[in-house]
Amino acid sequence: MTDLGKFARLGIRTEADLLLHLPLRYEDETRIVAIADVAPGETAQVAGEVRSNEIVTRPRRMLQVELDDGSGRIGLRFLNFYGSQVAQLAVGRRLRAMGEVRGGLFGLEMVHPRYRMLGGADRLPATLTPVYPTVAGIGQSDLRRTILEALARTDWADTLRPGCAERLGLPALMPSLRLLHQPPPETPLSAIEDRTHPACRRLAFEELLAQQLSLKRARAARAGQRAVPLPDHAQTQRLLAALPFALTGAQTRAWHEISRDLAGSEPMNRLLQGDVGSGKTVVAALAAMQAIGSGRQAALMAPTEILAEQHFRKLGPWLEPLGVRVAWLSGSLTASAKKKVRALAAAGEVDLLVGTHALVEESVELPTLGLAIVDEQHRFGVAQRLALRATRGDALPHQLMMSATPIPRTLAMSYYADLDVSVIDELPPGRTPVITKLVTQSRHAEVVERVRAAVAQGRQVYWVCPLIEESETLDLQTAIDAFESLSAELADLRVGLIHGRLPVAEKAATMDAFVRGEIDLLVATTVIEVGVDVPNASLMVIEHAERFGLSQLHQLRGRVGRGSAQSVCVLLYRPPLSANARERLKTMYETTDGFEVARRDLLLRGPGEFLGARQSGLALLRFADLERDADLVDEARIEADAMLAGPPRRVDAHLARWLAGREEFLKA
Ligand code: ADP
Ligand code: MG
């Protein structure tokens, strides 16, 4: 058995992981090209005799070797080299060198080629040489040798049912793996690169099948688990009657689906989807009320302090008149305040606990937790979502997740096969769609005038500062700069500043002032991205909009257009735009429909990033692509059912090979 510890940073933990670590690309060392035939820009392998060997010191110290194969000469240049290399590459020695050919000052050359000294019986490799993804500190040749050795001693039994691969026109597993690690020279590499080669499709199918098996098993396991039924109706009726508005048809539908699940003894695992502003919060409040009315606790976790706090402020006035005890917990509370909240929660003296990820990080005990609600669920890592559900007493709590980022069908089917989905596809009445304007930065002054005009009409304005990914400090600085220059330009306006680094109390005070209309213009970093709700704000300016992601822009824009006044979102951008940025801004201009935005975002970013899999540190699908392999997704679902109906041994073997302990994460 190989020691795999050193490969842990590549995510390689098992022998199976090793075999499934596929090459990034290949190099052709099966052929030798005559030096006379190589051209700059191509990667080639040449063989010849050393004609000169010299250490030059201009422009810097380097080893300069000249290789001759009878057809021509090529320079080999080493900027870092050992003394032993100077001797090894002495005049008269023969070697093979592989590298990218460049047109140098004195003819063709290779910089730092890979080379191998030639002796007697030198055979060229029979297959292409794989180049694996790796990280600093893990050498390519070490990794390659380990993988190829593992491949040579492995003969995996097929875990698919007999006949399945044939039916789908897929090759057998081991030959597929061998082909991908060591392709014969004639293999069409383009088909491997774009992953349409049958060997790639075979792996994609295996992976999709593992995913479906795992999700379906998780679902079956959950159906077998018990939750405490939450049958209350009286309290939710009282809350409905007390609300200042009637639910929309879509809200009512979603609410009924949730309410029915909560009353059952099978743990609910439901995703509530609805565009920004569609009114998910009140549905969550009703769900919480049903849990509390049934004598249980509820928890609501939101991804940012501002959002969590806003939920707290909104839910308190709705629920407290009905005798509900609502509490608030975030990482920024003082230690003693946290301790107090934890004690109250543990004593059952809190009915609804609202907070940030502190809810799962501060080891809060909610002994009678009946319902865990996660807002903007895609912003959380999978582990955090699991942890909230695990904060429980005697039975598995029901779980309600909310998202303003609609998940397209193939994704939902694939990632969320274990979820039921409710959709709010209707905005509350009286909303006017937001008008989006694309304006270049050079017209900044006009935009400032527009702000002045909006405020003169009694409206409020958001000014969102550019996102600077590399540096939180810079991010903050740009917001402070914008605040200062806007305060100067609009001296007669009440200008506020809010960003993530402000102390909570100050953030809350600023947000409060904005809600009460005491601030006209709120300069903000993206902390206001999610959830914030101020209906009188009807203008939003987003600076450097080209730096934002599409879903993020849509979320930001959703902060306006919440009242009945015509709202405008100005996307300030600085040309020239990359093709991708242009596409994002164009989409924002063309549509306000969250589903359409999500669809295009998925196309631009691919499912991994879209779902935030990166963020949670987990590339869930390594081989399959839900768009490209959409046909296989359907087949995998069908095959998973057939396999689950058969002996569990086969399913276990397949999951062990493909998921190797990663199953937990798929269940969230
Ligand atoms: P989101 O789905 O983005 O979380 P919110 O729950 O914050 O949206 O709701 C947006 C706004 O719409 C809030 O001010 C909320 O009180 C209001 N609202 C929700 N449902 C209705 C309704 N049925 N009629 C009128 N206003 C509503
Ligand atoms: Mg919300």
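Below, all heavy atoms of this structure are taken into account, side chains as well, without hydrogens, waters or symmetry copies. Counting starts at 1 for both ligands and their atoms, following the listed order.
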ask   = Any side-chain heavy atom of Glu266 sitting closer than 4.5 Å to one from Asp261?
value = no
query = Hey, is Ala246 touching ligand 1 through its side chain, its backbone, both or neither, going by heavy atoms under 4.0 Å?
reply = backbone
Atoms of ligand 1 close to Ser278 [distance to a heavy atom under 4.0 angstrom, numbered from 1] = 2 (O), 8 (O)
message = Counting only heavy atoms closer than 4.0 Å, does ligand 1 sit against the backbone of Gln251, its side chain, both, or neither?
response = side chain
ask   = Which ligand 1 atoms are under 4.0 Å away from a heavy-atom of Thr248?
value = 23 (N)
key: Donor-acceptor contact present, side-chain Glu546 to main-chain Arg574, <3.5 Å   = yes
task = May I ask whether Ala284 places a heavy atom under 4.0 Å from ligand 1?
result = no
request  = For Val276, counting its heavy atoms only, list the atoms of ligand 1 lying under 4.0 Å from any of them.
outcome  = 3 (O)
ask   = Mind checking whether Gly277 has a heavy atom under 4.0 Å from ligand 1?
value = yes
task = Determine, using heavy atoms of Lys314 and all atoms of ligand 1, whether some pair is separated by less than 4.0 Å.
result = yes
task = May I ask you to identify, for Gln310, whether its side chain, its backbone, both or neither come under 4.0 Å of ligand 1 on a heavy-atom basis?
result = neither
task = Could you tell me whether His444 and Trp463 have their ring centroids closer than 6.0 angstrom?
result = yes
Gln555 to ligand 1, any heavy atom closer than 4.0 Å = no
inquiry  = Counting only nitrogen or oxygen atoms and a 3.5 angstrom limit, does Arg431 reach ligand 1?
reply    = yes
task = Apply side-chain hydrogen bond (donor to acceptor under 3.5 Å, both in side chains) to Arg238 and list each qualifying residue two or more places apart in sequence or on a separate chain.
result = Gln235
key: Steps toward side-chain contact (heavy atoms from CB on, under 4.5 Å) verdict (Phe548, Val464)   = CA-CA 11 Å; Phe548 291 84; Val464 182; 4.2 Å; yes
ask   = Taking atom types as modelled, is there a side-chain donor on Gln460 or Asp520 under 3.5 Å from an acceptor on the other?
value = no
message = List ligand 1 atoms under 4.0 Å from Thr281, heavy atoms only on the residue side.
response = 4 (O), 5 (P), 6 (O), 7 (O)
Ligand 1 versus Leu247: contacting region, heavy-atom distance under 4.0 Å = backbone
ask   = If you count the non-hydrogen atoms of other residues, nucleotides and ligands that lie under 6.0 Å from CZ in Phe245, is the total more than 12?
value = yes
note = side chain to side chain donor-acceptor pair (under 3.5 Å) pairs touching residues 241-253, sequence neighbours excluded, are Thr248-Gln251, Arg253-Asp425
key: Per-residue contact class, Asp275 against ligand 1 - non-hydrogen pairs under 4.0 Å   = backbone
task = For ligand 1, find out whether one of its N or O atoms is nearer than 3.5 Å to an N or O atom of Gly279.
result = yes
message = Working note: Arg452 + Asp492, criterion salt bridge (charged side-chain N to carboxylate O under 4.0 Å, His left out); need CA distance, chi angles, decisive distance, verdict.
response = CA-CA 9 Å; Arg452 196 191 300 281; Asp492 46 331; 3.2 Å; yes
inquiry  = Applying the side chain to side chain donor-acceptor pair (under 3.5 Å) criterion to His554, which one of Asp275, Asp593, Asp601, Thr592 satisfies it?
reply    = Asp275
